[in-house]
Amino acid sequence: MKNIIYLDHAATTGVKEEVLKEMLPFFSIEFGNPSSLYSIGRRAKKAIEQAREKVARAINAKPKEIYFTGCGSESDNLAIKGIAHSLKSKGNHIITSKIEHHAVLNSCKSLEQEGFKITYLNVDKDGIINLGELKNAITDKTILITIMTANNEIGTIQPIEEIGQIAKANNIYFHTDSVQAIGNLKIDVQKMNLDGLSMSAHKFYGPKGVGALYIKENVPFEKLQDGGHQEKDKRAGTENVAEIVGLGKAIELAYENLDEYNNKLLELREYYISEIEKKIPNAKLNGHRTKRLAGNANISFKGIDGGDLLLKLDEQGICASTGSACNSGSTKPSHVLTAIGLEQEYLQGSLRITFGKENTKEDVDFLIKNLEEITKTWR
Ligand SMILES: *Cc1c(COP(=O)(O)O)cnc(C)c1O
């Protein structure tokens with residue numbers, strides 16, 4: 001079998017060995033239900049609380065402000081719908097952006113069906129919102145701002161601290177989808193004035209199917225799911241103990257050597273971009289040149305179909321993406337690339353490369369060699 005060169009870390013990542021090791025006992029010998037009062041149940045409960053402390057420490061929150069969920073999408077739903085439902089007597093207006101993940105966009109669409117009004121902020125050509133436009137959008141009915149920390153397609157990082165200040169000054173709650181940011185950027189919920197934050201373990205070398213939501217103390221939000229009293233009555237259902245333990249370990253490891261990790265990714269990204277600039281004409285970097293996640297390089301190749309390009313790269317064992325995993329298979333151009341106003345000839349030709357811990361310079365060389373050949377033949 002050919003070696004796989006995995007360059008799609010924004011879609012998902014593999015579980016780190018140390019993470020898996022901590023998870024394994026909770027699938028077998030430590031199988032107790034955390035709600036049970038005998039010792040094996042209490043040990044499961046304790047493991048969950050330790051994971052909660054790790055998550056809280058990583059983002060400078062309190063453990064009681066952390067809720068475990070089934071994924072990043074669920075965290076987004078719970079935060080946005082939960083806050084909206086509990087504040088509907090106060091106001092019915094929510095502000096978000098045009099480049100959010102579908103978990104946020106479709107939560108907002110669903111609230112529109114219920115009568116909420118949503119403002120979808122524009123972004124500039126780099127994918128950054130305009131703070132003036134945000135301020136102008138605020139009305140006395142605005143109850144929530146939800147803007148992502150970093151974009152999953154183009155890696156652009158939003159001015160979260162400034163948005164937090166605007167939200168605070170106007171007494172509006174501020175939630176951010178940090179699913180791409182956690183494990184890649186330093187996050188401080190207090191410094192950033194955050195009332196809500198979503199994360200998902202599988203984006204930072206933890207398991208798939210577990211997420212967490214930070215909701216600041218005293219911020220009201222309604223649960224989405226009825227049942228038992230787990231997660232302080234906000235998320236019914238027996239806890240996914242092993243995966244919660246995995247999420248805790250993964251976030252702890254991610255922030256232990258964040259700088260080293262980011263420097264490595266940055267070096268690969270810069271090398272990749274400079275090689276493209278040198279060797280492949282009519283290629284264009286999407287997203288901000290510097291205000292972007294270290295491992296993200298989203299480049300459009302003029303006149304090339306991104307979907308065909310992916311399949312051709314796959315033949316060589318290279319795993320990449322056209323944008324978000326949720327967009328592949330659909331022929332509609334990406335809502336993010338549309339929002340940054342990308343020209344038609346570039347719109348269908350995007351290739352998102354997202355580097356991770358196991359990648360090397362040789363991987364980049366192999367990718368470049370293939371891209372050179374493919375673009376030469378196809379153009
Ligand atoms: C992956 C992702 C999600 C969804 O997380 P899941 O755990 O896959 O549900 C939400 N928002 C962003 C920005 C993401 O990248």
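These numbers come from the heavy atoms of this one structure, side chains and all, not from hydrogens, waters or symmetry mates. In each ligand, atom 1 is the first atom listed, and ligand 1 is the first ligand listed.
- Counting only heavy atoms of the protein, atom 1 (C) of ligand 1 lies nearest to Lys203 NZ, 1.4 Å.
- A salt bridge does not link Lys81 with Glu114: every distance from a Lys NZ or Arg NE/NH1/NH2 to an Asp or Glu carboxylate oxygen is 4.0 Å or more.
- Hydrophobic clustering (side-chain heavy atoms under 4.5 Å, transitive across Ile, Leu, Val, Met, Phe, Trp, Tyr) groups Phe174 together with Ile95.
- Nearest to atom 3 (C) of ligand 1 among the protein's heavy atoms is His101 NE2, 3.4 Å.
- Nearest to atom 15 (O) of ligand 1 by heavy-atom distance, out of Met148, Gln180, Glu153, is Gln180.
- What sits closest to atom 11 (N) of ligand 1 on the protein, heavy atoms only, is Asp177 OD2, 2.7 Å.
- Look at Glu74 and you'll find every heavy atom at least 4.0 Å from all atoms of ligand 1.
- A salt bridge links Lys312 with Glu315: the closest approach of a Lys/Arg side-chain nitrogen to an acidic carboxylate oxygen falls below 4.0 angstrom.
- With respect to atom 8 (O) of ligand 1, the closest heavy atom belonging to the protein is His202 NE2, 3.0 Å.
- Ring centroids of Phe355 and Tyr261 are separated by 6.0 Å or more, keeping the two rings apart.
- Using a cutoff of 4.0 Å between basic side-chain nitrogens and carboxylate oxygens, Lys109 and Glu112 are not scored as salt-bridged.
- Checked against a 3.5 angstrom limit, the closest N/O atoms of Ser73 and ligand 1 fall inside it.
- Where the criterion is an N or O separation shorter than 3.5 Å, residue side chain and backbone included, Cys71 fails it with respect to ligand 1.
- The closest side-chain heavy-atom distance from Phe204 to Asn184 is not below 4.5 Å.
- Closest protein heavy atom to atom 6 (P) of ligand 1: Gly72 N, 3.5 Å.
- With sequence neighbours left out, Arg292 forms a salt bridge (charged side-chain N to carboxylate O under 4.0 Å, His left out) with no residue at all.
- Nearest non-hydrogen protein atom to atom 7 (O) of ligand 1 is Ser200 OG, 2.6 Å.
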